[in-house]
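Reminder, nothing fancy here: chain letters follow the sequence lines and each chain counts from 1.
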Amino acid sequence: MTTEGFAFTVEARDGRARAARLSTPHGDVVTPCFMPVGTKATVKAVAPRELRELGAQVVLANTYHLYLRPGSEIVAAHGGLHGFMGWDGPILTDSGGFQVFSLESTRVIRDEGVEFASVYDGSRHVFTPELAVRVQEDLGADIIMAFDQCAPGTLSLDEVAAAVDRTTRWAAACKAAHRRPRQLLVGIVQGGVDEALRRRSAAEIGDVGFDAYAIGGLSVGERGDDMLATVELMDELLPGDRLRYFMGIGDPLGMIEVIRRGVDVFDCVLPTRLARTGTVFSGVGRMNLRNARFADDLAPLDESCDCYACRTFSRAYLRHLVVQREILGAHLLSLHNLRVLLRLCADARTAIRAGRFAEFAEYVAERYSAGG
RNA sequence: GGGGGAGUGCCCGAGUGGCUAAAGGGGGCGGACUGUAAAUCCGUUGGCGCAGCCUACCUAGGUUCGAAUCCUAGCUCCCCCA
């Protein structure tokens with residue numbers, strides 16, 4: 001790896017699955033690794049100290065949202081995101097590429113960049129690859145993302161192809177603009193679920209050349225088998241000695257399936273969002289705690305979970321918090337859902353190193369088969 | 001003692017002769033959520049033998065082809081003056 005302060009080593013393989021180590025200026029990350037999402041420099045409802053206790057190694061923040069509020073200069077005044085949000089481990093910032101997709105109704109894509117209407121006050125902002133890199137340099141995350149156009153495979157082939165082209169040009173512009181040392185810039189592959197477009201995007205992004213690669217544009221509405229087939233293809237196309245990051249997957253079953261196909265790290269809002277809407281991952285699939293059947297259920301959320309919520313409270317109490325919209329409910333359920341994913345990753349690492357990943361995956365599939 | 005106002009579905013609250021099984025909100029029940037515009041959004045919410053019928057807008061009568069809506073009496077509640 002050519003980026004100063006970083007190293008990446010695959011330490012064990014089991015099938016396509018890998019157990020690896022990424023060294024960063026803020027510590028090592030062992031993979032497979034789930035990265036909690038903290039868009040506005042906070043993993044909603046969970047304090048950094050708790051993230052650490054849960055076993056989180058890296059957290060995300062979002063360039064576009066922090067650029068709008070509070071503004072990167074405020075963050076920079078704290079010495080960057082680490083000081084600002086009180087997390088001393090590795091941080092990754094997404095570039096704003098996802099907002100090109102999620103804020104579709106308030107944005108206009110042009111070849112030079114994307115014009116957004118601020119979701120806060122309607123003011124217009126043009127995000128370019130150069131600006132996305134500059135803001136990310138100011139924010140000071142360890143790992144930063146190229147500015148891309150997230151285009152789901154549900155769009156027309158022409159649209160996905162156009163997104164592939166722009167993503168390549170923008171990736172080159174990001175690389176050229178990147179100046180800050182000791183900061184890992186990650187290139188993103190697009191192409192929806194079309195094999196030819198994925199091959200083209202992987203080749204082009206690979207030609208630009210990055211020390212780590214991300215798989216973007218998946219888990220955004222396409223069919224599950226198409227998604228997994230695309231991940232398998234990416235395993236063949238991406239260099240085996242570089243970190244692979246699947247952007248946006250965080251359900252227990254899906255996570256295991258992408259680990260099985262050679263992905264090292266991934267992030268997702270799902271565990272914390274589900275928690276805030278009353279749903280938890282459990283050994284019997286997802287449980288929506290608002291359901292009346294939990295009203296008098298004195299059992300813990302999940303007998304086998306070691307999180308604070310499971311060790312301390314009954315389903316009936318947690319349901320009460322959720323139904324009454326007590327803020328503690330969002331907090332406790334977030335702790336639990338994050339713990340489930342982080343523990344699964346820890347177990348996956350152990351299994352890969354022991355050459356027992358297939359067996360482990362089978363166990364997870366059985367345990368979380370009810371949609372967990 | 002005098003004057004005025006109000007009683008609607010689990011709750012609040014629109015509705016003042018047919019388009020009303022009754023707006024809207026809350027609550028209840030259920031669903032969704034995957035690089036976070038999300039403590040959000042969606043559906044549903046009288047009963048049944050369910051293209052129909054039954055029961056429903058404080059109670060009991062009445063007017064009318066037809067009443068939550070008009071009339072009479074009663075019950076309950078609220079406000080103002082003394």
### Message
Between T31(A) and C33(A) (side chain of the first, backbone of the second, donor and acceptor by atom type, cut-off under 3.5 Å), is there such a pair?
### Response
no
## Note on the structure
To the nearest angstrom, the CG-P distance between D251(A) and U36(B) comes to 16 Å
### Query
Can you tell me if the side-chain N/O atoms of N291(A) get under 4.0 Å from OP1 or OP2 in G31(B)?
yes
### Message
With the threshold set at under 4.0 Å for non-hydrogen atoms, list the residues of residues 204-238 of chain A touching RNA chain B in residue-number order.
### Response
G217(A), S219(A)
### Query
Within this structure, what is the CG-to-C1' distance between L338(A) and U36(B), rounded to whole angstrom?
13 Å
### Task
Name the residue closer to the 5' end of RNA chain B, choosing between L92(A) and A292(A) according to the nucleotide with the nearest heavy atom.
A292(A)
### Message
If you only use heavy atoms from C-beta on, which nucleotide in G35(B), C33(B), U34(B) is closest to the side chain of L274(A)?
### Response
C33(B)
### Query
Using atom P of each nucleotide, how far apart are U20(B) and C65(B) to the nearest Å?
23 Å
### Message
Can you pull out the residues from residues 144-167 of chain A that lie within a 4.0 Å heavy-atom distance of RNA chain B?
### Response
D148(A), C150(A)
#### Entry: P spacing across the pair A60(B) / A6(B), given as an integer number of angstrom
22 Å
### Message
Expected output is a numbered-order residue list: members of residues 38-69 of chain A with a heavy atom under 4.0 Å from any atom of RNA chain B. What is it?
### Response
T39(A), K40(A), K44(A), L60(A), N62(A), H65(A)
### Query
Reckon D267(A) touches a base, only the sugar-phosphate, or nothing at all at heavy-atom distances under 4.0 Å?
sugar-phosphate
### Query
Would you call R199(A) and E195(A) a salt bridge, taking side-chain N to carboxylate O under 4.0 Å as the test?
yes
#### Entry: Those residues that, when tested against T93(A), pass side chain to side chain donor-acceptor pair (under 3.5 Å) (two or more places apart)
Q136(A)
#### Entry: Sidechain N-carboxylate O distance under 4.0 Å for R311(A), D306(A)
no
### Query
Does OP1 or OP2 of A37(B) have a side-chain N or O of S102(A) closer than 4.0 Å?
yes
### Query
When you check the gap from the basic side-chain N to the acidic O, do R261(A) and D235(A) get nearer than 4.0 Å?
no
### Query
Ignoring hydrogens and angles, are the base of A38(B) and the side chain of R273(A) linked by a donor-acceptor pair under 3.5 Å?
yes
### Message
For R319(A), is there an ion pair with D297(A) - N to carboxylate O distance below 4.0 angstrom?
### Response
no
List the atom pairs, donor and acceptor, that lie under 3.5 Å between side-chain atoms in residues 63-78 of chain A and the rest of the protein, sequence neighbours left out.
from   : atom 1 : to      : atom 2 : distance (Å)
T63(A) : OG1    : D94(A)  : O      : 2.4
Y67(A) : OH     : H125(A) : ND1    : 3.2
H78(A) : ND1    : I74(A)  : O      : 2.7

### Message
From C-beta outward on R290(A), which listed nucleotide comes closest to its side chain: U36(B), C29(B), U40(B)?
### Response
U40(B)
### Query
Under 4.0 angstrom, heavy atoms only, what part of the nucleic acid is V265(A) near: base, sugar-phosphate, or nothing?
nothing
### Query
What distance, rounded to whole Å, do you find between the two P atoms, one in G15(B) and one in G24(B)?
14 Å
### Query
Which part of the nucleic acid, if any, lies within reach of S118(A) when heavy atoms closer than 4.0 Å are counted: base, sugar-phosphate only, or nothing?
nothing
### Message
Would you measure the distance from the C1' atom in G2(B) across to the matching atom in U63(B) and give it in whole Å?
### Response
32 Å
### Cationic N near anionic O, under 4.0 Å, E257(A) to R260(A)
yes
### Query
D121(A) and S118(A): side-chain donor and acceptor closer than 3.5 Å?
yes
### Q99(A) side chain near A37(B) phosphate (N/O to OP1/OP2, under 4.0 Å)
yes
### Task
May I have the distance from L103(A) (atom CG) to U36(B) (atom C1'), rounded to whole angstrom?
10 Å
### Task
Pick the P atom in G9(B) and in C58(B), then give their distance to the nearest Å.
8 Å
### Message
Are the side chains of H26(A) and D142(A) in contact, using a 4.5 Å heavy-atom criterion?
### Response
yes
### Message
Once you measure the plane-to-plane angle for F210(A) and Y213(A), does it fall in the parallel (<30°), tilted (30-60°) or perpendicular (>60°) bin?
### Response
perpendicular
### Task
For U69(B) versus U59(B), give the span between their P atoms, rounded off to a whole number of Å.
11 Å
### Query
Would you say the side-chain atoms of S23(A) and D28(A) include a donor-acceptor pair closer than 3.5 Å?
yes
Extract all donor-acceptor atom pairs below 3.5 Å that involve side chains of residues 143-158 of chain A and protein atoms in other chains or at least two apart in sequence.
from    : atom 1 : to      : atom 2 : distance (Å)
D148(A) : OD2    : Q190(A) : NE2    : 2.8
Q149(A) : OE1    : R166(A) : NH1    : 2.7
S156(A) : OG     : E159(A) : N      : 3.2
S156(A) : OG     : E159(A) : OE1    : 3.1

### Query
Under 4.0 Å between a side-chain N or O of R325(A) and OP1 or OP2 of U40(B)?
yes
### Task
Kindly indicate whether the side chain of T277(A) and the base of C41(B) share any N or O donor-acceptor pair separated by less than 3.5 Å?
no
